[in-house]
There are 2 protein chains.
Amino acid sequence: MKNIPKISEAEWEVMKVLWAKGPCSARDIILALTQGDPDWHPKTVKTFLGRLVAKKAIAFEREGRAYLYHPLANRAECVSKASENFLKRVFDGALRPMLAHFVENRKLSASEIRELRRLLEQKGEP
Amino acid sequence: MKNIPKISEAEWEVMKVLWAKGPCSARDIILALTQGDPDWHPKTVKTFLGRLVAKKAIAFEREGRAYLYHPLANRAECVSKASENFLKRVFDGALRPMLAHFVENRKLSASEIRELRRLLEQKGEP
DNA sequence: ATAAATCGCTTACAAATGTAATCAAAAAGG
DNA sequence: CCTTTTTGATTACATTTGTAAGCGATTTAT
């Protein structure tokens with residue numbers, strides 16, 4: 001059985017950087033994050049890195065004085081876990097109402113609708 | 001601007017009961033919850049009721065000695081908020097990958113697929 | 001009427017989370 | 001070489017969350 005760590009909201013941002021960019025130094029991660037949102041404080045990011053290591057969501061190897069961090073947790077699995085969790089909490093685990101909600105609420109472009117329909121067709125007639 | 005309260009995971013369960021059943025006494029809520037999961041402790045539920053009142057997610061009126069609680073927060077709005085939040089955190093706000101994930105990962109029954117397709121068609125040709 | 005159950009109110013307390021600051025060692029710049 | 005910067009480690013601290021227990025008033029059952 002896989003041990004999918006529980007990743008908090010803010011920690012997700014850090015994980016996303018690592019999943020996207022692969023092995024990174026703390027500095028790289030901080031750069032990537034402040035890029036998107038200047039409010040990220042370097043010290044805060046360091047704290048999260050430490051916590052993620054403790055949770056075994058990531059690991060590092062020394063590279064000179066600094067560390068090179070890399071994900072341990074698998075992105076797809078974390079996504080699945082978070083998704084199931086959300087689905088359960090908000091929609092009692094029922095997929096259809098959830099999809100309906102998104103399709104209704106967020107305006108989908110015609111192309112998005114086409115693409116989704118293609119997806120459904122693939123699933124529909126295997 | 002609406003003030004949509006921040007509802008925690010466990011508090012969601014309480015809210016769902018209130019949204020589903022309308023005005024309820026604490027006792028009713030506790031019953032409903034323990035029905036689904038015997039692990040709910042009455043005192044714990046009371047705590048959440050108090051916190052939800054403090055957050056103005058619910059309110060109550062006296063009914064004899066007990067209280068009759070009812071939702072203040074609108075379900076649809078809370079659902080939207082939680083959904084946007086989840087979408088942003090896990091899928092960077094991109095709807096298509098999210099929908100794809102669910103359609104791919106969770107097996108949809110043929111009827112669910114048909115229904116979803118209908119939904120998309122309604123959206124597709126207004 | 002007296003004891004038991006129930007109510008809401010108040011208080012408790014650890015873990016998780018967000019948000020950093022301090023500190024010591026090491027590296028880099030001048 | 002000495003100063004500034006950088007880095008990881010350690011420590012701090014308020015807030016939120018999960019999970020209740022205690023207390024005093026009030027019903028309710030006996």
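Lettering follows sequence order; numbering is per chain, from 1. Keep in mind that what you see is a predicted model, and the values were worked out from it rather than measured.
For Lys43(B), whose side chain is taken as the heavy atoms from C-beta onward, the closest listed nucleotide among dT16(D), dA21(D), dA16(C) is dA21(D). The side chain of Ala26(B) has dG8(C) as its nearest neighbour among dT17(C), dG8(C), dG18(D). Side chain of Lys46(A), nearest nucleotide from dT19(D), dT16(D), dT7(D): dT7(D).
Atom CD1 in Ile30(A) sits roughly 13 Å away from atom P in dA20(C) (whole-Å rounding). One atom, NE2 of His41(B), and another, C1' of dA12(C), lie 14 Å apart when rounded to the nearest Å. Note: CG (Leu52(A)) to C1' (dG8(D)) measures 15 Å, nearest angstrom. For Lys6(A) and dT16(D), the NZ to P distance is 16 Å, given to the nearest whole Å. As a whole-Å value, the separation of Leu49(A) CG from dT19(C) C1' is 14 Å. The CZ atom of Phe48(B) sits 17 Å away from the P atom of dC9(C) (whole-angstrom rounding).
At a threshold of 4.5 Å between non-hydrogen side-chain atoms, the residues Glu61(B) and Tyr67(B) do not count as touching. Between His101(B) and Ser83(A), some side-chain heavy-atom pair lies under the 4.5 Å cut-off. For the pair Trp40(A) and Glu13(A), the minimum side-chain heavy-atom distance is below 4.5 Å. When side chains are defined from C-beta on, Leu120(A) does not count as touching Arg114(B), because their heavy atoms never get closer than 4.5 Å.
Near-neighbour residues of DNA chain C inside residues 53-71 of chain A, defined by a heavy atom below 4.0 Å, number-ordered: Lys55(A), Arg65(A). Remark: Glu9(B), Ala10(B) in residues 9-17 of chain B come within less than 4.0 Å of DNA chain D through at least one heavy atom.
Between Thr47(A) and dG18(C) there is no side-chain N or O to OP1 or OP2 distance below 4.0 Å. When the side-chain nitrogen and oxygen atoms of Thr44(A) are compared with OP1 and OP2 of dA20(C), one or more of them lie within a distance under 4.0 Å. Taking only side-chain nitrogens and oxygens, Ser25(A) never comes nearer than 4.0 Å to OP1 or OP2 of dT7(D).
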Worksheet item: Can you check side-chain contact (heavy atoms from CB on, under 4.5 Å) on Asn74(B) and Trp19(B), steps first, answer last?
Response: CA-CA 8 Å; Asn74(B) 177 262; Trp19(B) 280 321; 6.0 Å; no
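Sorted by first and then second residue, the salt bridge (charged side-chain N to carboxylate O under 4.0 Å, His left out) pairs with a member in residues 48-57 of chain B read Glu11(B)-Lys55(B); sequence neighbours excluded.
The aromatic rings of Phe91(B) and Phe86(B) lie perpendicular to each other, with more than 60° between the two planes, well past the 30° mark.
Side-chain atoms of Arg51(A) and base atoms of dT19(C) include a donor and an acceptor less than 3.5 Å apart.
Remark: Arg117(A) CZ to Ile113(B) CD1 distance equals 14.0 Å, nearest 0.5 Å.
Looking at Lys16(B), its side chain does come within 3.5 Å of a backbone N or O of Arg89(A) through a donor-acceptor pair.
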